[in-house]
Amino acid sequence: MEQSTDPAWVAAHGPSLMAVVNLNTDSFSDPRATLDLDGRVVAAKAASAEGAAIIDLGAQSAALGAALVDGEAQAGLLVPIVSALHDRGIAVSVDTYEPVAARAVLAAGAQLLNDFSGAPDRGIVEAVAASGASYVLTHNPLGP
């Protein structure tokens, strides 16, 4: 039998469940604006206990017309929760198209980068390649 080289959060047979815990305040799917870091960690741990194989975090809304959050601000929001979840053995995915944020979250233990920009940035691609993380680039003709 052949040994799998897939990350632990990738199911050997069938789909893997991803839970979303957003850090932005205008998410249509997860409006957690009132939760602090501890509250978000509790929400992520609960999702993991309920079967989520990986927790997806985002600090930039993908809603049309949403205010843009720069890479430093995204990193400031994301790194503490990425680190907290990574320290608890919970697999983490991060939505970002900002190279500064990508490098910071990958260094903090994110295992998947979900880039919804539609146009890969060389800095992000290099950061992901150097980290060994997985990368998803979403087709988005409108950009962020």
Side-chain angles (χ1 to χ4, degrees), residues 2-33 35-64 66 68-144:
E2 201 171 307
Q3 181 93 0
S4 173
T5 58
D6 290 333
W9 50 268
V10 174
H13 303 286
S16 294
L17 181 63
M18 175 185 278
V20 175
V21 177
N22 281 319
L23 283 70
N24 57 304
T25 59
D26 63 349
S27 172
F28 70 92
S29 65
D30 183 34
R32 297 184 188 271
L35 291 183
D36 60 5
L37 173 63
D38 291 336
R40 288 185 170 105
V41 170
V42 167
K45 285 174 63 177
S48 180
E50 292 171 4
I54 190 166
I55 305 299
D56 189 56
L57 306 171
Q60 168 67 61
S61 174
L64 292 176
L68 296 180
V69 180
D70 71 37
E72 291 289 338
Q74 286 185 39
L77 291 168
L78 290 161
V79 166
I81 190 168
V82 170
S83 294
L85 296 178
H86 178 73
D87 290 350
R88 289 166 175 81
I90 297 173
V92 179
S93 164
V94 172
D95 291 350
T96 190
Y97 54 84
E98 290 284 350
V100 169
R103 284 188 293 276
V105 300
L106 291 167
Q111 296 173 326
L112 171 68
L113 193 76
N114 185 8
D115 177 350
F116 63 92
S117 70
D121 181 290
R122 183 170 183 84
I124 286 181
V125 173
E126 290 170 352
V128 171
S131 73
S134 297
Y135 181 64
V136 173
L137 176 64
T138 304
H139 173 70
N140 183 353
L142 300 177

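Starting from 1, each residue takes its place in the sequence as its number. What's counted below: heavy atoms across the whole structure, side chains too, no hydrogens, waters or symmetry copies.
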Side chain to side chain donor-acceptor pair (under 3.5 Å) contacts in which one or both residues fall within residues 41-59, not counting sequence neighbours: D56-S93
Summary of side chain to side chain donor-acceptor pair (under 3.5 Å) pairs that have at least one residue in residues 79-91, sequence neighbours excluded: none
Spacing of CD belonging to Q111 relative to CD1 belonging to I90, to within rounding of 0.5 Å: 11.0 Å
Rounded distance [0.5 Å steps], CG in L37 versus CD1 in I81: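 It is 6.0 Å, given to the nearest 0.5 Å.
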Pairs involving residues 116-138, ordered by first then second residue, that meet salt bridge (Lys or Arg N to Asp or Glu O under 4.0 Å) (sequence neighbours left out): R122-E126
Nearest non-hydrogen partners of [X] and [Y], listed with the distance:
X    : Y    : value
V94  : A110 : CG2-CB, 4.0 Å
A102 : L113 : CB-CD2, 3.9 Å
S117 : L137 : OG-CD1, 4.2 Å
I124 : Y135 : CG2-CE1, 3.6 Å
A52  : A19  : CB-CB, 3.7 Å
V82  : V105 : CG1-O, 3.7 Å

Heavy-atom side-chain contact between T138 and Y97 under 4.5 Å: no
Q74: partners by side chain to side chain donor-acceptor pair (under 3.5 Å), with sequence neighbours left out: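 Listed in chain order: T96.
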Contacts of type side chain to side chain contact (heavy atoms under 4.5 Å, CB included), residue L77, not counting sequence neighbours: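 For L77 the side chain to side chain contact (heavy atoms under 4.5 Å, CB included) partners, ignoring immediate neighbours, are L23, A59.
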For A73, side chain to side chain contact (heavy atoms under 4.5 Å, CB included) partners two or more places apart: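 If we apply the side chain to side chain contact (heavy atoms under 4.5 Å, CB included) test to A73, skipping adjacent residues, the hits are V69, D70.
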Audit row: L112, M18, side-chain contact (heavy atoms from CB on, under 4.5 Å) steps and yes/no: CA-CA 11 Å; L112 171 68; M18 175 185 278; 3.8 Å; yes
